[in-house]
Amino acid sequence: MNDHIRPQPGIMDIALYEGGKASVAGVANIVKLSSNENPFGPSDRAKEAFQRSAHQLHRYPSTDHAALREAIAETHGLDPARIICGVGSDEIIHFLCQAYAGPKDEVVYTEHGFLMYRISAMAAGATPVEVPERERTTDVDAILRACNRRTKLVFIANPNNPTGTMISAAEVERLAKGLPPHAILVLDGAYAEYVEGFDAGAALIETRDNVVMTRTFSKIYGLGGLRIGWGYGPKHIIDVLNRIRGPFNLSNTQLDAAEAAVRDQDYVAKCRADNARMRHWLAEALAELGVPSDTSMANFILARFASPDEAEACDIFLQSQGLIVRRVASYKLPNCLRITIGDEAACRRVAHAIGQFKGVK
Ligand SMILES: Cc1ncc(COP(=O)(O)O)c(C=O)c1O
């Protein structure tokens, strides 16, 4: 403890982010379904690029990420000059808060929204403002009511984590149009690739100067361990974010693997189809066991139990069976467990174990 050296106001109020558990003491044959990772990992092309990059480890990486931005732009039909790449989409979220929110400013996000919005807002000295959702779904009217002259950023994830629910493009546009002129709408598309044909708000960004989207290589691309994300927005915002980005924020390995991954859209389509098939199967299987969930558009389902006690007991039972899912009490969903869609064997194991927990033979 030192009475003289103190962090900026707000920093000590930040609760540490807890990642999904990866092991259970004394239990072997673990299946980790707690971090929304792709059970099949990255595409072979990404792994090959990763290995090739070993020959370039002595070289500093590019500072402008031109090759990766070009590959992303070609894949999604975007302007490469308005893409920014970061250490996971977490870093883009952080840049946005650092650049646009400070003391006395407010950062709005939804009741069951991703915890990093709050953490990044507080790290910037801004005030986090949490807005209620309606039936675990983003409520545009509630967000608009919460906005005022101090609101600088509004974050929504679409689909949302940990609920898996989505709002329509028309609702997103209504939100963008209704914000005060000094506020930026951030559309977090971490799970966008799981929604067939969804542009995550790219078309809206082309028509407005107050909308940004964030995307990641951590989910469908199976590169969570490598930490790569990106953002897209109007030129005036991307210019600002680039000023606070470290020049070498991404390594050659990150850049090369991500470029190979984004150019392998056949693999993405295969993972999307497999996820949709098993998500449907698991949701139905759990519903039959008396464990409902909202229709999820992402790579997880939010299983609802009768009470927080039942959710906790089920989590403990699943762990004893080697199945690690995510408690989401910190997302104000104490009676729920978030279960990542694994491969078929993992989904069958989860359904079987929840059946045993529920006393179904
Ligand atoms: C909604 C949402 N946004 C952003 C992220 C951050 O992803 P990353 O920093 O790995 O790109 C996650 C990760 O779980 C997420 O669920």
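By convention here, the first residue in the shown sequence is residue 1. One-based numbering, in listed order, for ligands and for the atoms of each. Model, not experiment: these values are computed from the prediction.
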Do we see a donor-acceptor contact under 3.5 Å between the side chains of [X] and [Y]?
| X | Y | value |
| --- | --- | --- |
| Glu310 | Asn335 | no |
| Tyr109 | Arg118 | yes |
| His65 | Asn249 | yes |

I'd like to know if [X] and [Y] make a salt bridge, using a cut-off of under 4.0 Å between side-chain N and carboxylate O.
| X | Y | result |
| --- | --- | --- |
| Arg136 | Glu111 | no |
| Asp294 | Arg304 | yes |
| Arg338 | Asp315 | no |

Please identify which atoms of ligand 1 are closer than 4.0 Å to at least one heavy atom of [X].
| X | value |
| --- | --- |
| Asn161 | 1 (C), 15 (C), 16 (O) |
| Ser218 | 8 (P), 10 (O), 11 (O) |
| Arg227 | 8 (P), 9 (O), 10 (O) |
| Tyr191 | 1 (C), 14 (O), 15 (C), 16 (O) |

[atom]: which protein heavy atom is closest, and how many Å away?
| atom | value |
| --- | --- |
| atom 2 (C) of ligand 1 | Asp188 OD2, 3.4 Å |
| atom 6 (C) of ligand 1 | Asp90 OD1, 3.2 Å |
| atom 14 (O) of ligand 1 | Lys219 NZ, 2.9 Å |
| atom 12 (C) of ligand 1 | Phe114 CZ, 3.4 Å |
| atom 11 (O) of ligand 1 | Thr216 OG1, 2.5 Å |
| atom 7 (O) of ligand 1 | Ser89 OG, 3.3 Å |

Is there a nitrogen or oxygen of Tyr117 sitting under 3.5 Å from a nitrogen or oxygen of ligand 1? no

Has the side chain of Asn36 got a donor or acceptor atom that lies under 3.5 Å from a matching backbone atom of Lys219? no

Which of Arg277, Arg272, Lys270 passes salt bridge (Lys or Arg N to Asp or Glu O under 4.0 Å) with Asp274? Answer is Arg277

